[in-house]
Amino acid sequence: MRGTRVLVLNSGSSSVKYQLLDMADHSRPAAGIVERIGERTSYLRHTPAGGAPREREEAVADHGAALEAVAAELARDGLGLDSPELAAIGHRVVHGGRRFTAPTVIDDEVLAEIERLVPVAPLHNPANLAGIRTALGLAPGLPQVAVFDTAFHTTMPEYAARYAIDPAVADAHRVRRYGFHGTSHAYVSRRTAELLGREPSEVNVIVLHLGNGASASAVAGGRCVDTSMGLTPLEGLVMGTRSGDIDPAVVFHLARVAGMSVDEIDTLLNKRSGLLGLCGDNDMREVLRRMDSGAEDAGDTGDTGDTESAASAKLAFDIYIHRLRKYIGAYFAVLGRVDAVAFTAGVGENAAPVRRAAVAGLEGLGPVVDPELNEARGGGPRLISPASARVAVAVVPTDEELEIATQTYALVTGAAARPG
């Protein structure tokens, strides 16, 4: 009989995050991370359920060595890759293109297609591939499944997914809107419906995944019909270090007038923009702290660095919120009827001022935030709107690892796993 555990692997460019989940009760026997892969000193942290974390620093040359270290830590707790309780390994893969619309058992053909997609995901797919290939070598007899960030968004109608450029050029070079954070949007939209006591097929939700990377989606009856990220994760909302929406001609202008190379502009828009570029901090907590500090010092008329710091943080916040509100309003138009607006991820789950500002002025459309409920801290999914609101506002902690495990287990067992 097949086991009930799934090992979820998320291989990034310089890290491997992992969680072992038991689908019988959604417990997590172990979790951990390997960071700074390829650097002189790497960091490993492994946490068994009910036990103290094990941490160490050592050289980890590549993803192969990182996964071997993960396998060794799991084996120390009797949870090795050869355990009969392990049903499968689920891999997060960022880009699945148009072909992969659902979780897929990995074989040579799947690996080849993920590799063919490297040009549209050069920072992510190579790392995902490295993790997959190593895991296949470590556990060749175990089912391994790719769960794609883009898959949830493949239900978008063609008029939402297409850019208004020559279709022949677009098709030849795979240029279209793919969207990302799909496992999070799928999980949160479903959990929001459960919070409302309704089936996902009956509910229209605007999901706002607000972390260092940020994206919005319009979900109609459990199916994505539009999303803010596009060909790459750069488009859409203002993020920690990414600009989000920008006039494409800015690229030509910077090349001609500033003499910047394509790589320099790429670095500017992806790594030196967003909140970081606007005020020097990509952490929303620090942006809010600086704003609060400025409010406390409002009586001081001196021209101080603190005043300038608070002003730049306030401007960055206002730009962030303005873009966010534009997308919320746009997705009301796309969906026609909205039952809930759901906030998730690090900023969405924890920054009450962001939630309050994002829906302020939108009361005519239906969403209203209750100040007390919004400020209250809570660990699980919860409503922060008054009972009288025509459109519910929810905070739903995302769980991408559980979503990947759920999809993986359902595929390898042929039966739907109970969603978390």
Test salt bridge (Lys or Arg N to Asp or Glu O under 4.0 Å) on Arg272 and Asp266; report intermediate values, then the result.
CA-CA 9 Å; Arg272 292 169 40 213; Asp266 189 323; over 6 Å; no
Should Arg356 and Asp370 count as an ion pair when the cut-off is N to O under 4.0 Å?
no
In sequence, state the C-alpha distance, the side-chain angles, and the governing distance for Leu21 and Arg5, and then conclude on side chain to side chain contact (heavy atoms under 4.5 Å, CB included).
CA-CA 6 Å; Leu21 294 95; Arg5 291 177 177 171; over 6 Å; no
With heavy-atom distances below 4.5 Å as the criterion, would you say the side chains of Val205 and Asp339 are in contact?
no
Would you check if the side chain of Asn204 reaches a backbone N or O of Gly221 as a donor-acceptor pair within less than 3.5 Å?
yes
Using the rule given for side chain to side chain contact (heavy atoms under 4.5 Å, CB included), can you reason through Ile321 versus Arg325, listing the C-alpha separation, both sets of side-chain angles and the distance that settles it, and then say yes or no?
CA-CA 6 Å; Ile321 293 298; Arg325 292 176 75 242; 3.6 Å; yes
Donor-acceptor pair, Glu403 side chain versus Ser184 backbone, under 3.5 Å?
no
Begin from the C-alpha positions of Asp399 and Arg28 and carry the test salt bridge (Lys or Arg N to Asp or Glu O under 4.0 Å) through to its verdict.
CA-CA 12 Å; Asp399 195 333; Arg28 307 190 191 219; 2.3 Å; yes
Point-to-point distance, once rounded to the nearest 0.5 Å, from CG of Leu117 to CG of Asn128:
11.0 Å
Answer yes or no: is there a donor N or O on one side and an acceptor on the other, between the side chain of Thr413 and the main chain of Tyr409, under 3.5 Å?
yes
Classify the ring geometry of Phe100 against Phe148: parallel below 30°, tilted from 30° to 60°, perpendicular beyond 60°.
parallel
Listing, residues 66-76 side-chain donor-acceptor contacts under 3.5 Å, not counting sequence neighbours, or none:
residue	atom	partner	partner atom	Å
Glu73	OE1	Arg54	NE	2.9
Glu73	OE1	Arg54	NH2	2.9
Glu73	OE2	Arg56	NH1	2.4

Show, in sequence, the C-alpha distance, side-chain angles and deciding distance for Tyr18 and Asn10, and conclude whether the side chain to side chain contact (heavy atoms under 4.5 Å, CB included) test is met.
CA-CA 6 Å; Tyr18 62 95; Asn10 181 354; over 6 Å; no
Could you give the distance from CZ (Arg99) to OG1 (Thr154), rounded to the nearest 0.5 Å?
13.5 Å
If we only count heavy atoms from C-beta on, is the Leu111 to Asp107 side-chain gap below 4.5 Å?
no
Distance-only donor-acceptor check, side chains Asp25 and Ser27, under 3.5 Å
yes
Side chains of His209 and Ser215: any donor to acceptor distance under 3.5 Å?
no
Between Leu196 and Ala392, what is the shortest heavy-atom contact and its length?
CD2-CB, 3.9 Å
Among Arg92, Glu400, Gln407, which residue meets the side-chain hydrogen bond (donor to acceptor under 3.5 Å, both in side chains) test with Thr183?
Glu400
Intermediate values then yes/no, side chain to side chain contact (heavy atoms under 4.5 Å, CB included), Met284 and Val354:
CA-CA 9 Å; Met284 181 59 77; Val354 169; 4.0 Å; yes
Any side-chain heavy-atom pair of Pro157 and Val225 under 4.5 Å
yes
Any donor-acceptor pair under 3.5 Å linking the side-chain atoms of Asp22 with those of Thr4?
yes
Would you compute the distance between atom CG of Asn282 and atom CG of Leu275 and round it to the nearest 0.5 angstrom?
7.5 Å
Crowded around Arg377 CZ? As in, over 12 foreign heavy atoms under 6.0 Å?
no
Pairs meeting criterion ring pair (Phe, Tyr, Trp, His ring centres under 6.0 Å) with involvement of residues 324-360, two or more places apart:
Tyr327-Tyr331
His95 side chain to Gly97 backbone, donor-acceptor under 3.5 Å:
yes
Nearest-0.5 Å distance, CG of residue Asp82 to CG of residue Leu142:
10.0 Å
For the residue pair Ser217 and Met229, establish whether any side-chain heavy-atom pair is separated by less than 4.5 Å.
no
From His91 NE2 over to Arg133 CZ, what is the distance, rounded to the nearest 0.5 angstrom?
12.0 Å
Asp166 atom CG: more than 12 heavy-atom contacts under 6.0 Å
yes
Calculate, to the nearest 0.5 Å, the distance between atoms CG and OG belonging to Leu268 and Ser273 respectively.
4.0 Å
Would you confirm whether the ring centroid of Tyr178 sits within less than 6.0 angstrom of the ring centroid of His153?
no
A side-chain contact here means heavy atoms from C-beta on lying under 4.5 Å apart; do Arg177 and Asp226 qualify?
yes
Between Glu264 and Lys271, is a salt bridge (Lys or Arg N to Asp or Glu O under 4.0 Å) present by the stated rule, with each step listed?
CA-CA 10 Å; Glu264 287 172 331; Lys271 297 180 179 179; over 6 Å; no
Any ion pair linking Glu158 and Arg176 (charged N to carboxylate O, less than 4.0 Å)?
yes
Identify the two heavy atoms, one from Val251 and one from Ile265, that lie closest to each other, and give their separation to 0.1 Å.
O-CD1, 3.4 Å
Just by distance, do the side chain of Asp77 and the backbone of Leu79 share a donor-acceptor pair under 3.5 Å?
no
Close side-chain approach of Leu208 and Val341, heavy atoms under 4.5 Å
yes
Can you name the closest pair of heavy atoms from Phe152 and Ser189 and give their distance?
CZ-OG, 3.9 Å
Heavy-atom donor-acceptor pair, Arg355 side chain to Gly348 backbone, under 3.5 Å
yes
Got a donor-acceptor contact below 3.5 angstrom from the Arg36 side chain to the Thr41 backbone?
yes
Can you give me the closest heavy-atom contact between Thr150 and Gly179, atom names plus distance?
CG2-O, 3.1 Å
Flag side-chain contact, heavy atom, 4.5 Å: Val93 against Ile132
yes
Does some side-chain heavy atom of Pro200 sit less than 4.5 Å from a side-chain heavy atom of Arg190?
yes
Checking Asn350 side chain against Gly346 main chain: does a donor-acceptor pair fall under 3.5 Å?
yes
Considering non-hydrogen atoms only, spot the tightest contact between Pro122 and Pro119 and give its length.
CD-O, 3.7 Å
For the residue pair Thr344 and Glu349, confirm or rule out a side-chain donor-acceptor distance under 3.5 Å.
yes
Check whether any side-chain N or O of Ser11 sits under 3.5 Å from a backbone N or O of Val16 as a donor-acceptor pair, and report yes or no.
no
Donor-acceptor contact present, side-chain Thr47 to main-chain Pro53, <3.5 Å:
no
Are a donor atom and an acceptor atom from the side chains of Arg290 and Ser309 found within less than 3.5 Å of each other?
yes
To check you understand the geometry: which heavy-atom pair defines the closest contact between Pro143 and Val412, and what is its length?
CB-CG1, 3.8 Å
Crowding at CZ, Arg285 (>12 non-hydrogen neighbours, <6.0 Å)
no
